[in-house]
*Asks:* 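To start, I am sharing the structure in question, which I have written as structure tokens.
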Amino acid sequence: KRMNSVTVGLGIMAVFYSVYTFYVRTSKPEKFGKLAAMQEKFGKKAGYTIHLIAYSMAPLVFGAIMIFAGKRGYSLF
């Protein structure tokens with residue numbers, strides 16, 4: 001099978017988004033309104049953890065899966 005460029009590209013964008021959100025969360029957390037809201041609702045540590053999983057870890061895993069699938073010729077669409 002041929003590599004699927006669209007799927008690989010989507011995976012790369014998801015990985016970059018994940019890295020961006022991780023960097024901004026550690027350097028300028030005030031830029032994330034949802035982080036503050038989650039910390040208010042669930043507590044500082046739990047809110048941070050939920051935000052980390054939802055906005056950094058999940059896109060990273062999704063991106064990695066899409067890159068590997070696209071390189072093997074699978075298509076997301």
*Asks:* Does a side-chain heavy-atom distance below 4.5 Å link Tyr17 with Tyr55?
*Replies:*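 Yes - at least one pair of side-chain heavy atoms lies under 4.5 Å apart.
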*Asks:* Can you measure from CD1 (Ile67) to CG (Asn4) and round to the nearest 0.5 angstrom?
*Replies:* 12.5 Å
*Asks:* Which heavy-atom pair separates Met3 from Lys71 by the least distance, and what is that distance?
*Replies:* CG-CA, 3.8 Å
*Asks:* What's the spacing between Leu35 CG and Arg25 CZ if we round to 0.5 Å?
*Replies:*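 With rounding to 0.5 Å, CG (Leu35) is 7.0 Å from CZ (Arg25).
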*Asks:* If you take all heavy atoms of Ala58 and Ala54, which pair is closest and at what distance?
*Replies:* CB-O, 3.9 Å
*Asks:* Could you report the tightest heavy-atom contact between Tyr20 and Lys31, atom names first, then the distance?
*Replies:*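 Looking at all heavy atoms of both residues, the shortest contact is OH-NZ, 4.3 Å.
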*Asks:* According to a 4.5 Å side-chain heavy-atom criterion applied to Ile, Leu, Val, Met, Phe, Trp and Tyr, with indirect links allowed, do Leu76 and Tyr74 form part of one hydrophobic cluster?
*Replies:*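 Looking at the clustering, Tyr74 is in a separate group from Leu76.
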*Asks:* Could you tell me if the side chain of Met38 sits less than 4.5 Å from the side chain of Phe32, heavy atoms only?
*Replies:*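 With C-beta onward as the side chain, the pair stays apart.
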*Asks:* So, Ser56 and Thr21: side-chain donor and acceptor under 3.5 Å apart, yes or no?
*Replies:*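 Yes, side-chain donor-acceptor contact under 3.5 Å.
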*Asks:* With sequence neighbours excluded, tell me which residues meet ring pair (Phe, Tyr, Trp, His ring centres under 6.0 Å) with Phe42.
*Replies:*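 Expected list: none.
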*Asks:* Between CD of Gln39 and NE2 of His51, what distance do you get to the nearest 0.5 Å?
*Replies:* 8.5 Å
*Asks:* Does the Thr7 side chain pair with the main chain of Met66, one donor and one acceptor, at a distance under 3.5 Å?
*Replies:* no
*Asks:* Would Tyr23 and Lys28 satisfy side-chain contact (heavy atoms from CB on, under 4.5 Å), going step by step from the backbone distance to the final call?
*Replies:* CA-CA 8 Å; Tyr23 171 74; Lys28 298 175 186 172; 5.9 Å; no
*Asks:* Does any part of the side chain of Val15, heavy atoms only, come nearer than 4.5 Å to the side chain of Phe62, both counted from C-beta?
*Replies:* no
*Asks:* I'd like to check Arg72 versus Lys1 (side-chain heavy atoms, cut-off strictly below 4.5 Å). Are they in contact?
*Replies:* no
*Asks:* Of the non-hydrogen atoms in Gly63 and Ala14, which two are nearest, and what is the gap between them?
*Replies:* CA-CB, 3.8 Å
*Asks:* Is there a chain of hydrophobic side chains (I, L, V, M, F, W, Y, each step under 4.5 Å between heavy atoms) that links Leu60 to Ile12?
*Replies:* yes
*Asks:* Could you grab the distance from atom CG of Leu52 to atom OG of Ser18, nearest 0.5 Å is fine?
*Replies:*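 Answer for the CG-OG pair, Leu52 versus Ser18, is 8.5 Å.
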*Asks:* To the nearest 0.5 Å, how far apart are OH in Tyr48 and NZ in Lys45?
*Replies:*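 Here the interatomic distance stands at 11.5 Å.
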